[in-house]
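To start, the structure under review is shown below, and the notes come after it.
Scope of the values below: all heavy atoms of this structure, side chains included, with no hydrogens, waters or symmetry mates.
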Amino acid sequence: GLPPEGTRPAEAMARHFAAAAAAAGAVQRYYCGGGCDGRDDGAVQAMLQCQRVSDFLIAASYLSIPLELLYFASCADLAPLKWLLLQLAAFAVLGGATHLLAVFSHAHPHSSGLLLASTAAKLLAALVSFATAISLVALIPRLIRAKLREAFLRAKARQLDRDLGLIRRRVEATSRLVRMLTHRIRSSPLDAHTILHTTMLHLADALELHSCAVWMPGRDAADDLHLVHQLSLRGKGPVRVVVGSQAPISADDPDVVDVMASEAAKVLGPGSVLATASSGELQPPGAVAAIRIPMLKVSNFDGKKTPVASSYAILVLALRSKASGSGSGEWGGHDLEVVQVIADQVAVALSHAAVLEEWQAMSDRLAEQNRALLHAKHDAMMATEGINSIQSAMCYGMRRPMYSIIGLLSMVRQAEDMRPEQRLVADAIARTSTLSLALMNDVDTETLTANRVPFDLRSLMREAMSVAGCLASCGGVGFSYQLENALPEWVVGDETRVFHLLLQMAGDVLGQRRDGAGRLSFSIKSCSADEKDSSTPVWPDLSTGCSVCVEFQVAMERSTGCSQTPSGPASSQINVCKKIVQMMNGTVWSASDGESITLILHFQLQQSGMCRRTSSSIPHFNGLRILLADGDAMSRAVTQKLLEELGCQVISASSGAHCLALLGSAGSSFQLLLLDLDMDAFEVALRIRGLKNRRWLLIVAALAVTVDDGIREMCRNSGINGLIQKPLTLTALGAQLHRVLRN
C-alpha cells in the first residue's frame, strides 16, 4: 500500500525495500515449499552472482560504445549523423549506467540512493531511447537512398573500368600503328620524296584513306603552295599523281591560313578548295583533315633546344565514304591524334633528309675542292720538281766547265814569265770562277756556309779592285780606290764571301746610276768603335785583342754639273748580302740616295809563328804511269794536261767499263788509277779490287761532293787510297798524289 501521510521519503523507501525483501522471502518460501535447505541457498546465491557479472559486462559494453563512436567520428567525416551519434552515445551510456546500478543493488538491496539513481537512469534511458527511435524513422530512408547510390556508383565504376580497358586497347593499337609507321619512315632511304611516299602509303592503309597529298611552298615561305606528292586509292592500287598536275593554291586561302596557324590537325569543310584540289579536283567522298609539317633545314639548328622552322608543308588526308563499307567517313579525336603524331615523325624524318642532302652537297663541294687542291698541289710539286731538276741541270752544266777553267787557271798561274798585271788578271779570273762555283753550290744546297781560313787580305783587295775596275769600265764611269797601308796582310775569314760582298756592293752602286758621268770609288781602311759615327748602325761589341775591324766603302762620285734623278734607297739591293754579313758578324748600310754603301767586317788576325798559306813547291813525278777514267771529255782533257804537267804518263778512259777493260789486259802496267766518275767511282773501285792482278793498285777518286765521314767510310770499304775534292788544281792534285805515293 501507499505510505501513510506525514511519512518522510527516506523512511517510506526503507519500508518499501523491507516489504520487497519480505516479499522475496515469501516467494522463496513459496517455491521451496519450506523444504529448501542450505544447498538451495547456494544455488540462489550463484544465480545472483551470475546476474551481477552479467550486469557488469553489459554495463562495460554499453559504456565502451560511446568511445568507439567518438573514435570513428574523429576518423571520418560524419557531420550529417552528428545528432544521431550523440543520441546513440547517450542511450548507450544510460543503458550501461542502469546495468551498473543493478550490480550495486545486489550488494546493497536496501540503499535508498541506489534506488533513486536507478530510477533516474531508467527514466532518462526511456527518454533517450524514445528519441533515438524517432530519429531512426527519419534515418532509415536516408540509409536506403545511400545504399542505392552506392549500387549506382559501383555500376558506374564497372562501366569506367570497361571504358578504361577500351581506351588502353586503343592506345596500344595507336602505339603499334605509330611504331610501325615510324619504323617504316626511318627504314626508308633518307630521301624526301621516298619518305613522303612511304608515309602516305602506310598511313592510307592504317587509317583507310581515300587519298592523301602533300603541298609545299616555293623558295619563299609567302609563295603559293604546290602539290609535290599525292596518292589516290580509287582504283585497285595506289596511283601516284604526277607533280605539277594540279594548280597551286594561294597562301592566303582561309583553310591554308587556319592549318598553318595551329600545330593540331584540322578537319576541312565540304567546300574547301584545299580538300578538292588534294582529291584531284573531285569532291572527296569522306571527311578531309589537314595538318602542317615543319620543313627544317641546317640553318634552323642554331644551337637552341628547339629549332624553329622557317616554312611548313601541308599534309591533306581524305577518308573513304561510309557507303564503301570499309571506312567510317568521319574523323575522330583519336584519329586526329594519330595523324598529329605521324606528322611529327614525318617532320623529323624530313629534317634528317634535308640535313643529309645539305651534308651530301657540302661533302661533294668539299670533295671537289679537295680534288682541285690535290691537283694544284700535284702541279706545284711537279713544277717544284721541274724547277729543281732544271736548277740541278743548270748547276751541273755550269759546274763542269767551271772546274775545267779553274784547273787551267791553276796551270796558267804557275807560269814564271808572266808580268804582274797578267798575274793579277789570272788571279782575278780564278777568284771569280771560285766565287761562281760557290754561288752555284749555295743555290744547289739552299744553304749558306762560311769557311774560315787564313788568307791574304791585301791580295784579295787587289783582285777585287781589278774586277770592280772592269765593271766600272763596262758601265762607262771611272774608277779609283784607296787602300790603307795599315791594313793587316794575313787575316782569318772566308775570302770567297768577302769577295762576293765587295762585287755585290759595286754592282748595287752602279745599278743606281741612271744618267750622267761619275766615278766609282772604293775605300778600304781599318776602324774602331771610337771612330764610329753615332748616326751609323751599331754592330756587335767584339774583342780587339787579336782581331781587326775593316771598313769597306763604295761610293759614286759625281762630276761637277752632272745631275741625276733621285732613285729609291739601295736597301732593296743590299738585302741579298745581309744574311752573309750577319753570318760574318758584320754590318752594312747604305746612304739615303743609294750612291754609297758601307760594310764593316770583323776579322781575326793571323798569329805570328803559325803556318801561313803560301805557294808551296809542286812535286814532279818522273814517268809515273797513271790511268785516268773520266766521263766528261773537257774535264778529262784538262785533268790529263794537269797530270802531264806533273810529269806523269797518262792514258785516259772514257768510262768505268773502258777502265776495267784496260786494267784487265795483260800488257797494262799502271801504277795509279785516278777516277773522276762521281759516285760510280766506288763501284768501279770494288770491281778493280776483285781483279787478281790489280789488287795492290793505288786508286785516287775525284769527287764533287763535300767529303765527310760517310764518304770516307765508303772509300775505305771500296779500297780507295785517296780523295781529291773538285775543282782539281795543279797544287792540290800534286799534293794528293805525293801523299798517296808516300803512304
Side-chain angles (χ1 to χ4, degrees), residues 402 405-439 450-473 479-507 520-527 546-554 577 580-581 584-586 599-618 727-732 734-735:
M402 204 64 65
I405 292 174
I406 293 175
L408 290 175
L409 288 174
S410 66
M411 287 191 300
V412 173
R413 294 168 67 185
Q414 295 300 324
E416 297 179 357
D417 55 347
M418 292 179 64
R419 296 192 300 272
E421 60 272 11
Q422 291 176 340
R423 188 173 298 279
L424 180 61
V425 171
D427 293 341
I429 295 174
R431 184 82 66 179
T432 306
S433 301
T434 304
L435 174 60
S436 301
L437 189 60
L439 293 178
N451 186 20
R452 296 174 61 84
V453 294
F455 69 94
D456 189 348
L457 180 60
R458 289 181 171 274
S459 176
L460 176 65
M461 291 300 102
R462 286 193 295 270
E463 295 169 4
M465 295 307 103
S466 175
V467 178
C470 295
L471 294 176
S473 299
F479 178 75
S480 64
Y481 71 93
Q482 295 179 356
L483 185 61
E484 187 182 47
N485 294 327
L487 282 177
E489 182 176 3
W490 286 90
V491 294
V492 178
D494 194 335
E495 55 182 337
T496 304
R497 300 298 182 187
V498 176
F499 188 73
H500 177 205
L501 291 174
L502 296 178
L503 295 186
Q504 185 69 40
M505 292 166 58
L520 181 67
S521 63
F522 259 90
S523 174
I524 302 98
K525 62 180 180 179
S526 59
C527 65
C546 298
S547 62
V548 63
C549 287
V550 181
E551 178 182 297
F552 306 88
Q553 187 176 23
V554 184
C577 302
I580 301 176
V581 174
M584 300 178 67
N585 290 331
L599 170 67
I600 296 180
L601 294 178
H602 172 265
F603 297 103
Q604 183 180 357
L605 292 175
Q606 177 68 15
Q607 297 180 5
S608 59
M610 295 184 62
C611 180
R612 296 178 178 178
R613 188 181 60 179
T614 58
S615 58
S616 59
S617 59
I618 299 175
L728 298 179
T729 60
L730 190 63
T731 304

Smallest separation among heavy atoms of [X] and [Y], with atom names:
X: L487; Y: S526; answer: CD2-N, 3.8 Å
X: G586; Y: L601; answer: CA-CD2, 4.2 Å
X: A468; Y: L520; answer: O-CD2, 4.3 Å
X: L437; Y: P727; answer: CD2-CD, 3.7 Å

Report yes if the side chains of [X] and [Y] come closer than 4.5 Å at any heavy-atom pair, otherwise no.
X: V492; Y: L605; result: no
X: E484; Y: I524; result: no
X: K525; Y: Q482; result: no
X: F499; Y: T432; result: yes
X: F552; Y: M461; result: yes
X: V491; Y: F455; result: yes
X: L501; Y: M584; result: yes

> So how far is it from F603 CZ to S547 OG, rounded to the nearest 0.5 Å?
Replying inline: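 The CZ atom of F603 sits 11.5 Å away from the OG atom of S547.
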> How long is the gap from NE2 on H500 to CG on L502, to the nearest 0.5 Å?
Replying inline: 10.0 Å
Holding to side chain to side chain contact (heavy atoms under 4.5 Å, CB included), I want the full list of residues that pass it with [X], two or more places apart in sequence or in another chain.
X: T496; value: T434, L435, A438, D494
X: S473; value: none
X: D427; value: R413, R423, E463
X: I429; value: L409, V425, S433

> Partners of Q422 by side chain to side chain donor-acceptor pair (under 3.5 Å), sequence neighbours excluded?
Replying inline: none
>> If the condition is side chain to side chain donor-acceptor pair (under 3.5 Å), which residues does E421 pass it with, not counting sequence neighbours?
In response: R419
>> Run the side chain to side chain contact (heavy atoms under 4.5 Å, CB included) test on L457 and W490 for me, step by step, so that the C-alpha distance in whole Å, both residues' side-chain angles and the decisive distance to 0.1 Å come before the verdict.
In response: CA-CA 6 Å; L457 180 60; W490 286 90; over 6 Å; no
> If you draw a 6.0 Å radius around CZ in F479, do more than 12 non-hydrogen atoms from other residues or ligands fall strictly inside?
Replying inline: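 Above 12, so yes.
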